2 protein chains.
Amino acid sequence: MRLNTKSRYAVMALADMAGFKDSRPISLRDISIRQSISLQYLEQIFLKLKKNNIVKSIRGTNGGYVLAKNACHIKLSEIFIALNENVKTIGCDKHSKKGCNGRSTKCITHNLWDELDLHINAFFENKKLEDLIKN
Amino acid sequence: MRLNTKSRYAVMALADMAGFKDSRPISLRDISIRQSISLQYLEQIFLKLKKNNIVKSIRGTNGGYVLAKNACHIKLSEIFIALNENVKTIGCDKHSKKGCNGRSTKCITHNLWDELDLHINAFFENKKLEDLIKN
DNA sequence: AGAAACTTGACTATTTTAGTCGGGTATATA
DNA sequence: TATATACCCGACTAAAATAGTCAAGTTTCT
């Protein structure tokens, strides 16, 4: 089990941004350098963050991104959802015949994965971006 | 984020076994049919479960596997460890130069992933195989 | 003896991941 | 108004992981 780098980088980049108090836009180029993440990969990530209203973009010279809301209001769960890293951990897919083993009834471990999802989501729901930079 | 099928199947197969009260060995062939899992894939899985002392094998005709201990004493965390599904969720690898972004210091989100690991592991530590079959 | 069932290593197709490439468009500033 | 800076975006790809299969055993019950 592993989170993917996109989610990880997204959190790192946003935490980087949140560390700056002034509201000047921050360019991906700067984040790229500070966090050692490829600029073009960051662009992919920020596109999704923007679509999900987590950041706003300012184009042109001296442009960049700013957080769309205060760091204390950005839940980590939002970030994962934005990147389609839906923290749905496991199969039991309703659409697939393989899900729940092709049975009409729930598989023996179905509820377990549901509980696990709740457990993990609760963690991310309660974590705010601001929590990361307080220490 | 997704658990792999090996871990999922392992839990399903063990839960299947735990559902039988008598202590006769259960053949992988039977589990394979009941849970719709390829026999040969189950063999791979049970090899690991055996090495980690979660099941015992009885060879020969009427052989099969039995749980090495009572279902109420088998923690799900054991099962994941047995399958090398170490619930270490994220990078920040001490050995890799990429980990923590090649910095000597911890990356900005390092503690977050540590916390998440603890959170998930706690879930599996507290879940016993028996809990799955009670309902 | 023969069948049932475990044992084991090697192999492979598919999918996912983690990016790169290359061509845009918008805007501030000189 | 030229140009550099920075966002925008779709398509592509190499490498790794996943989810198995295949083949050839060994052991033990009946």
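On a predicted model such as this, the values are computed, not experimentally measured, just so you know. We name chains A, B, ... by the order of the sequence lines, and we start the count at 1 in each one.
As rounded to whole Å, 17 Å separates atom P of dT16(C) from atom CG of L83(A). The distance between atom CZ of R29(A) and atom C1' of dC8(D), rounded to the nearest whole Å, is 18 Å. We find that CZ of R24(B) is positioned 14 Å from P of dC6(C), with the value rounded to whole Å. Residue D30(A) contributes atom CG, which lies 12 Å from atom P of dT5(D) at whole-angstrom precision. Atom CD1 of I45(B) is separated from atom P of dT21(D) by 11 Å (rounded to the nearest Å). Protein atom CZ of R8(B) is 20 Å distant from nucleotide atom P of dA17(D), rounded to whole Å. Rounded to whole angstrom, the span from the CG atom of L28(A) across to the C1' atom of dC9(D) amounts to 14 Å. Protein atom CG of N4(B) is 10 Å distant from nucleotide atom C1' of dA17(D), rounded to whole Å.
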Kindly determine whether Y65(B) and I31(B) satisfy side chain to side chain contact (heavy atoms under 4.5 Å, CB included), including the steps that lead there.
-> CA-CA 10 Å; Y65(B) 287 93; I31(B) 297 175; over 6 Å; no
Would L14(A) and V55(A) satisfy side chain to side chain contact (heavy atoms under 4.5 Å, CB included), going step by step from the backbone distance to the final call?
-> CA-CA 9 Å; L14(A) 291 170; V55(A) 295; 3.6 Å; yes
CA sep, side-chain torsions, deciding dist, call: I133(B), F20(B), side chain to side chain contact (heavy atoms under 4.5 Å, CB included) | CA-CA 10 Å; I133(B) 58 171; F20(B) 290 89; over 6 Å; no
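At dA4(C), none of the side-chain N or O atoms of S27(B) fall inside 4.0 Å of OP1 or OP2 (strictly under the cut-off). The phosphate of dA19(D) has neither OP1 nor OP2 within less than 4.0 Å of any side-chain N or O from Y9(B).
When each of Q44(A) and S38(B) is assigned the nucleotide of DNA chain D with its nearest heavy atom, Q44(A) is the one assigned upstream, toward the 5' end. Residue-to-nucleotide proximity on DNA chain C shows that, of L39(A) and G63(B), the 5′-proximal contact is made by G63(B).
Of the residues in residues 48-55 of chain A, none has a non-hydrogen atom less than 4.0 angstrom from any atom of DNA chain C.
By the 4.0 Å N-to-carboxylate-O rule, D131(A) lies too far from K128(A) to be salt-bridged with it.
Using a 4.5 Å heavy-atom threshold, the side chains of Y41(B) and K6(B) count as touching. Proximity of L67(B) to L129(B): side-chain heavy atoms (C-beta onward) are separated by under 4.5 Å at one or more points.
N126(A) places a side-chain N or O within 3.5 Å of a backbone atom of A122(A) that can act as its donor or acceptor partner.
With values rounded to the nearest 0.5 angstrom, I33(B) atom CD1 is found 7.5 Å from S27(B) atom OG. With rounding to the nearest 0.5 Å, the separation of CZ in R8(B) from OG1 in T109(A) is 7.5 Å. Here CG of L83(A) is found 10.5 Å from CG of L47(A). Values are rounded to the nearest 0.5 Å.
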The contact string for nucleotides 23-30 of chain D, one letter per nucleotide 5' to 3', using protein heavy atoms under 4.0 Å with B, S and - for base, sugar-phosphate only and none, comes out as B-BBBBBS
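The side chain of L47(B) approaches dT7(C) more closely than any other nucleotide in the set dT7(C), dA18(C), dT18(D). Listed nucleotides: dT21(D), dT20(C), dC7(D). Nearest to the side chain of Y65(A): dC7(D).
At the heavy-atom level, I26(A) lies under 4.0 Å from the strands shown only through sugar-phosphate atoms.
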